[in-house]
Amino acid sequence: SENESVELPEEIKEDIPENEPAVELVKPIHVEPEEEVLNKPVIAEIVKEEKPLIICVKSYGDYRFIEAKDICYLQADNNSTDIHLLNGEMITAFKTLKHFENVLSSPFVRIHNSYIVNIDYVSRIHTGNSVCYIKNTTTKLPFSKSYKENVDAIISSITNGNYLEI
């Protein structure tokens with residue numbers, strides 16, 4: 001069905017902060033007998049578009065913009081962090097892994113002193129060998145006993161979805 005924009009009433013506009021993302025109002029268009037249309041209130045629905053998290057890696061005036069959803073995992077490298085992307089590319093950020101642990105939330109989980117993984121890219125966890133496998137790659141990331149609770153939480157998160165165990 002087609003949609004048309006609707007103007008927000010002033011009392012609602014006043015409650016929306018100026019720095020909020022753009023708001024689009026939509027009302028369905030359908031044909032009804034004229035007397036029924038006149039008796040129905042028009043209800044405006046606010047639809048907000050959720051923007052993806054963009055991470056900016058800055059280095060000497062070079063600004064590299066990465067969508068967080070494209071990050072498979074992060075690996076500590078002394079006082080810098082190597083960011084491994086879905087397309088196989090690796091970008092070095094001059095921040096510690098601890099910094100990323102503090103600023104990133106789900107789906108990013110610390111599994112080792114040297115690794116944070118995006119759980120959306122975990123294809124396998126082998127608790128006996130203490131490794132996580134990254135989807136569509138041959139990459140295996142170790143996890144340590146000190147982060148075992150986080151690994152258990154990853155398993156719970158994956159098994160709480162649309163899941164079939166065979």
Test item: [X] and [Y] side chains (from C-beta on) under 4.5 Å apart, heavy atoms:
X: T92; Y: D77; result: no
X: I66; Y: I54; result: no
X: I71; Y: I55; result: yes
X: Y73; Y: T139; result: yes
X: F108; Y: L74; result: yes
X: C132; Y: I111; result: yes
X: V117; Y: V122; result: yes
X: Y133; Y: V131; result: yes

Would [X] end up clustered with [Y] when hydrophobic side chains under 4.5 Å apart are linked, directly or stepwise?
X: L86; Y: M90; result: no
X: I158; Y: I155; result: yes
X: I125; Y: L141; result: yes
X: L104; Y: L85; result: yes
X: Y121; Y: V151; result: yes

Look only at the side chain of S156 and the backbone of D152, and say whether a donor-acceptor pair between them is shorter than 3.5 Å.
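Judged by distance alone, yes, a pair lies under 3.5 Å.
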Taking K140 for its side chain and I134 for its backbone only, find out whether a donor-acceptor pair lies under 3.5 Å.
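Answer holds: no.
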Return each pair, listed once, that meets side chain to side chain donor-acceptor pair (under 3.5 Å) where at least one residue sits in residues 107-116; pairs must be two or more places apart or across chains.
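Sorted result for residues 107-116: Q75-Y115, E101-R110.
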Among residues two or more places apart or on two chains, list those pairs meeting side chain to side chain donor-acceptor pair (under 3.5 Å) that have a residue in residues 62-71.
R64-E89
For residues Y147 and E149, is any side-chain donor paired with an opposing acceptor at under 3.5 Å?
no
Check the pair I116, V109 against side-chain contact (heavy atoms from CB on, under 4.5 Å), reporting the backbone distance first and the verdict last.
CA-CA 5 Å; I116 292 175; V109 178; 5.8 Å; no
Taking only residues two or more places apart in sequence, or in another chain, which ones meet S80 in a side chain to side chain donor-acceptor pair (under 3.5 Å)?
none
State the CD1-CZ distance between I83 and F100, to the nearest 0.5 angstrom.
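Between I83 CD1 and F100 CZ, I get 4.0 Å after rounding to 0.5 Å.
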Tell me, with the steps shown, if N118 and C72 meet side-chain contact (heavy atoms from CB on, under 4.5 Å).
CA-CA 5 Å; N118 179 337; C72 294; 5.6 Å; no
